[in-house]
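Structure first, commentary second.
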There are 2 protein chains.
Amino acid sequence: MVLIELSNYSVFTANHYREFLIVLSALALVIFGYLLKNQVNTRSSLLKRKQLPDDEKLALLQMSKREFEVLAKIAEGKSNSEIADLLFVSENTIKTHVSNIFSKLNVKRRTEAIKQAKEYGLL
Amino acid sequence: MVLIELSNYSVFTANHYREFLIVLSALALVIFGYLLKNQVNTRSSLLKRKQLPDDEKLALLQMSKREFEVLAKIAEGKSNSEIADLLFVSENTIKTHVSNIFSKLNVKRRTEAIKQAKEYGLL
DNA sequence: GATAAAATCACCCAAAAGTATGAATGCCAT
DNA sequence: ATGGCATTCATACTTTTGGGTGATTTTATC
């Protein structure tokens, strides 16, 4: 809006650079619109990409925070033992979580879980 | 550009609607820039999302068409035997392809392969 | 403080995935 | 026609994953 006002001002104080200023203003306005859309996109993609467990969605799927953490690691390509190390628990524990994740997502394999979680907008 | 010219023309044929026209032009220019960025985004995301094997990228990774087919199935959450059935070959063949895919993507697991392939823009 | 849900872990078994090696076939381009 | 590449398949072996069951401990909630 400030840019718009400024552009219009330039037009009004027209001297022999009038045409030049008009083109310049037009350009500025186009760039402004371009950047505006850029900003809009950036914000919305940030919202989509947040790694935080969306409480509502997790609740719908009856999935706990811990299970979501494990799910995220699976999607990062981590193995059960790697996840165990990262979360400082035993591999058996991770296996339990993974099994529970599968039944809640209604899948049989981790690759399916990744696909399904993305469809649910969890990842 | 046509829009810009049009806007400038409006300014020159100024009557008592002058200010109104200027604001209108400005608005049009902003919208134009906004839509421009929109178009740019759409085109680039289409490029990224097409499921067809991008010959250039595949060539860079030395990956064959068949290997890419298998990779796509992996990303769909399919097991080796399911992929074998879908492509009408033996599971052993799929295992061979999968191993080759892993070494070319420089990963050790199918979940990692999915992640890596997406980073390379293959999926 | 009782109850419920979440998180932890173990053990066993089975299935799937992954590694290594070797080999046969078909296709394409020089 | 032949050398290289892609595709196919097999066998043997190891590792990872997944299923089922049961149990202990934390944590939160009423």
Side-chain angles (χ1 to χ4, degrees), chain A residues 51-118 120 122-123, chain B residues 52-118 122-123:
Chain A
Q51 265 291 38
L52 299 172
D54 181 321
D55 285 352
E56 295 171 34
K57 284 176 185 171
L58 294 185
L60 274 174
L61 294 166
Q62 313 244 51
M63 192 169 314
S64 74
K65 287 178 189 176
R66 199 56 158 173
E67 283 163 353
F68 177 79
E69 283 187 88
V70 173
L71 178 58
K73 298 299 179 193
I74 288 174
E76 286 172 17
K78 301 283 193 288
S79 73
N80 287 340
S81 75
E82 284 171 343
I83 299 173
D85 290 345
L86 288 168
L87 300 188
F88 305 105
V89 295
S90 82
E91 191 180 334
N92 283 323
T93 301
I94 300 301
K95 283 188 178 186
T96 305
H97 286 320
V98 171
S99 285
N100 292 332
I101 292 168
F102 287 172
S103 64
K104 287 172 184 179
L105 288 182
N106 202 26
V107 298
K108 294 191 179 305
R109 282 180 290 279
R110 46 180 62 214
T111 48
E112 273 185 303
I114 295 171
K115 190 190 169 200
Q116 193 59 250
K118 285 187 177 167
Y120 284 155
L122 293 178
L123 296 175
Chain B
L52 300 172
D54 182 321
D55 284 352
E56 295 171 35
K57 285 176 183 172
L58 293 185
L60 273 174
L61 294 165
Q62 312 245 49
M63 191 167 318
S64 73
K65 287 177 188 175
R66 199 56 158 174
E67 283 162 354
F68 178 79
E69 282 187 89
V70 173
L71 178 59
K73 298 299 178 193
I74 288 174
E76 286 172 18
K78 300 284 191 290
S79 72
N80 287 339
S81 75
E82 284 171 343
I83 300 174
D85 289 346
L86 287 168
L87 301 188
F88 305 105
V89 294
S90 83
E91 190 180 337
N92 283 322
T93 301
I94 300 301
K95 283 188 178 188
T96 304
H97 286 319
V98 171
S99 284
N100 292 333
I101 291 168
F102 289 171
S103 65
K104 287 173 184 179
L105 288 182
N106 204 25
V107 299
K108 292 189 182 305
R109 283 178 290 278
R110 47 181 59 214
T111 48
E112 273 185 300
I114 294 171
K115 189 191 169 200
Q116 193 60 249
K118 285 186 177 165
L122 292 179
L123 297 175

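Throughout, protein chains are lettered first and strands after them, A, B, ... in sequence-line order, and every chain is numbered starting at 1. This structure is a prediction, so every number in the text was calculated from the model and none was measured.
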Using the test side chain to side chain donor-acceptor pair (under 3.5 Å), find all partners of B:K104 that sit at least two apart in sequence or belong to another chain.
-> B:E67

Restricting to pairs with a member in residues 83-98 of chain B, which pass side chain to side chain donor-acceptor pair (under 3.5 Å), not counting sequence neighbours?
-> B:S90-B:T93

Would you mind reading off the bend of the helix from C:dG1-D:dC30 to C:dT30-D:dA1 from its two end axes, five pairs each, to 10 degrees?
-> 60°

Near-strand residues of residues 88-98 of chain A, defined as heavy-atom separation under 4.0 angstrom from DNA chain D | A:K95, A:V98

Who pairs with A:K115 by salt bridge (charged side-chain N to carboxylate O under 4.0 Å, His left out), at least two apart in sequence or on another chain?
-> none

Give every pair of a protein N or O atom and an N or O atom of nucleotides 26-30 of chain D that lie under 3.5 Å apart, one pair per line with the distance.
none

DNA chain D: A:N80 or B:Q62, which has the more 5' nearest nucleotide?
-> B:Q62

Using chain B heavy atoms and a threshold of under 4.0 Å, write down where along DNA chain C the contacts begin and end, 5' to 3'.
-> C:dA17 to C:dT19

Name all residues meeting the salt bridge (charged side-chain N to carboxylate O under 4.0 Å, His left out) criterion together with B:R66; count only those two or more places apart in sequence or in a different chain, and write none if there are none.
-> B:E69

With sequence neighbours excluded, tell me which residues meet side chain to side chain contact (heavy atoms under 4.5 Å, CB included) with A:E112.
-> A:V107, A:K108, A:R109

Does anything in residues 102-110 of chain A reach DNA chain D, meaning a heavy atom under 4.0 Å, and if so which residues?
-> A:F102, A:K108, A:R109, A:R110

With sugar-phosphate meaning primed atoms plus P, OP1 and OP2, does B:S99 contact a base, only sugar-phosphate, or nothing at under 4.0 Å between heavy atoms?
-> base

